[in-house]
Colleague: 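The structure is given below, and queries will be raised subsequently.
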Amino acid sequence: MGSGEVPVFACVRGAWQFLLAHWQLLLPAAAICAVLAQVGVAASVLVAPGQAAAPSLLSLLPTLLAGVMFTAAVMRKAVRDEYVAPVGLRLGGDEGRLIGVGACIVLVAIPIVFLLSIIMMATVFSRIAATPEALEALTENPEALMQALEQALGPTGMLVLEIVSILLICIGIGLVALVQAATVGENRIILFQALRWMGGNTLRVLAAIVLTIAPALIVSSVLSMIIGPLISDILSFLVFSVVVGFVGNVLSIPIAALGAVLYKGLRPADFLAK
């Protein structure tokens, strides 16, 4: 694949076939990490029962750690065909490198997000709020913001905005998966070198990413919408969060597998990590 065109549908098929072939093997890790992800939230509730507060960095650490551990477990199997008994999870070099590459991605993403925010402010938000104060008031009220957007953009504009948002999210997740697979495969942090492998195949890679990730993203969003109204207290919130997290972990398996497929196919035979 590295010397020719990326076979879009073969990549998508390979990613989902990986899920069908290995879901039973990875299911325990998906469940454990779904529970681990809620430990920080549960601890915050026990320390300050009945008090609603924004999640702190400390309470988010178990969630971040669970995500890294599960991603590493899937990547090891998809990239190196390795599985750490008994459930595939550990804390080691792969996890450390994934944390490192994640930090690099965040630093790279900050200016990009800032630029996109400016564009959004200039093209969209300027149509729904005449002053910065009015815009700030809208951002503090999500329902009012959505109503203002619907009035300003109309049904067609809202549909376009939603589609573009989904495409951008899919592309971002897919490129991260490619970088993560390269990092696991090379046993060192790989970022821009992996992205350069796409070369003239960029559009085909992005198509494979969207076709693989969009279904998983839509299913996760629908599940969250269905479960949302059922949450009535902190216990139900934690239980449903574990359920959503478990399903999300399972649906992330083909995403990681796609990263591995792209890594193996695009990596030049003479590649030397720098």
Side-chain angles (χ1 to χ4, degrees), residues 11-43 55 59-99 101-102 169-170 172-174 176-181 183-185 209 212-228 230-231 235-263:
C11 291
V12 176
R13 184 168 58 252
W16 285 95
Q17 283 177 340
F18 179 86
L19 171 62
L20 295 177
H22 301 293
W23 67 271
Q24 289 179 306
L25 185 69
L26 297 168
L27 216 58
I32 292 170
C33 289
V35 174
L36 176 61
Q38 300 305 315
V39 167
V41 177
S59 67
L60 290 176
L61 282 179
T63 302
L64 298 174
L65 183 62
V68 168
M69 291 174 63
F70 185 69
T71 298
V74 179
M75 286 292 183
R76 272 192 294 270
K77 183 62 181 175
V79 175
R80 303 198 300 253
D81 196 22
E82 293 179 5
Y83 184 79
V84 180
V87 294
L89 300 174
R90 73 178 180 195
L91 278 175
D94 289 327
E95 290 74 13
R97 284 183 285 272
L98 287 179
I99 291 173
V101 79
I169 293 172
C170 289
I173 293 173
V176 168
L178 170 59
V179 169
Q180 289 174 328
T183 296
V184 171
I209 287 173
T212 301
I213 298 177
L217 197 63
I218 291 171
V219 171
S220 295
S221 299
V222 170
L223 179 63
S224 298
M225 292 173 60
I226 293 173
I227 287 180
L230 302 177
I231 297 175
L235 179 60
S236 62
F237 171 77
L238 291 173
V239 170
F240 286 131
S241 293
V242 169
V243 172
V244 172
F246 172 72
V247 174
N249 285 342
V250 173
L251 291 175
S252 74
I253 294 174
I255 298 173
L258 176 66
V261 169
L262 293 174
Y263 160 67

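Values reported hereafter were calculated over all heavy atoms of this structure, with side chains retained and with hydrogens, waters and symmetry mates removed. Predicted model only: the values in this text are computed from it and were never measured.
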Colleague: Roughly how far apart are T212 OG1 and L258 CG, rounded to 0.5 Å?
Modeller: 4.5 Å

Colleague: According to side-chain contact (heavy atoms from CB on, under 4.5 Å), who are the partners of V242, at least two apart in sequence or on a separate chain?
Modeller: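 V242: side-chain contact (heavy atoms from CB on, under 4.5 Å) contacts with A34, V35, Q38.
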
Colleague: Return the minimal non-hydrogen interatomic distance between V244 and I227, and the atom names on each side.
Modeller: CG2-CD1, 3.6 Å

Colleague: Minimum heavy-atom separation for F70 to C33, with atom names?
Modeller: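 The pair with the smallest heavy-atom distance is CB-SG, 3.7 Å.
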
Colleague: Output side-chain donor-acceptor pairs under 3.5 Å for residues 76-94, partner residues at least two apart or in another chain, one line each.
Modeller:
residue	atom	partner	partner atom	Å
R76	NH1	D94	OD2	3.2
R76	NH1	E95	OE2	3.0
R76	NH2	G88	O	3.1
R76	NH2	E95	OE2	3.3
K77	NZ	D81	OD1	2.7
R80	NE	E82	OE1	3.2
R80	NE	E82	OE2	3.2
R80	NH1	D94	OD1	3.3
R80	NH1	V184	O	2.8
R80	NH1	N187	OD1	3.4
R80	NH2	E82	OE1	3.2
R80	NH2	D94	OD2	2.7
Y83	OH	L25	O	3.1
Y83	OH	P86	O	3.4
Y83	OH	V87	O	3.3
Y83	OH	G88	N	3.4
R90	NH2	D94	OD2	3.3
D94	OD1	R97	NH2	3.3

Colleague: Can you measure from OG1 (T71) to CD1 (I99) and round to the nearest 0.5 angstrom?
Modeller: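 T71 OG1 to I99 CD1: 11.0 Å, rounded to 0.5 Å.
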
Colleague: If you look only at distance, which donor and acceptor atoms sit under 3.5 Å apart when one is on a side chain in residues 247-256 and the other is two or more places apart or in another chain?
Modeller:
residue	atom	partner	partner atom	Å
N249	ND2	A30	O	3.0
N249	ND2	G245	O	3.4
S252	OG	N249	O	2.6

Colleague: Step by step, would you call L64 with V68 a side chain to side chain contact (heavy atoms under 4.5 Å, CB included)?
Modeller: CA-CA 6 Å; L64 298 174; V68 168; 5.6 Å; no

Colleague: What distance separates M69 CE from L36 CG, expressed to the nearest 0.5 Å?
Modeller: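 Interatomic distance, M69 CE to L36 CG, rounded to 0.5 Å: 6.5 Å.
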
Colleague: Quick one: pull up CG in L27 and CD1 in I32 and give me the separation to the nearest 0.5 Å.
Modeller: 10.5 Å

Colleague: Identify each donor-acceptor pair in which a side-chain atom of residues 216-226 lies under 3.5 Å from a protein atom, sequence neighbours left out, and give them as a table.
Modeller:
residue	atom	partner	partner atom	Å
S220	OG	A216	O	3.1
S221	OG	L217	O	2.9
S224	OG	S220	O	3.0

Colleague: Kindly give the heavy-atom pair with the smallest separation between C11 and V261, and that separation in Å.
Modeller: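 Taking C11 first and V261 second, the nearest heavy atoms are SG-CG1, 4.0 Å.
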
Colleague: Side-chain donor-acceptor pairs under 3.5 Å in residues 13-23, sequence neighbours left out?
Modeller:
none

Colleague: Report the distance from atom CZ of F240 to atom CG of L235, rounding to the nearest 0.5 Å.
Modeller: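 Between atom CZ of F240 and atom CG of L235 there are 9.5 Å.
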
Colleague: According to side-chain contact (heavy atoms from CB on, under 4.5 Å), who are the partners of A37, at least two apart in sequence or on a separate chain?
Modeller: T63, A66

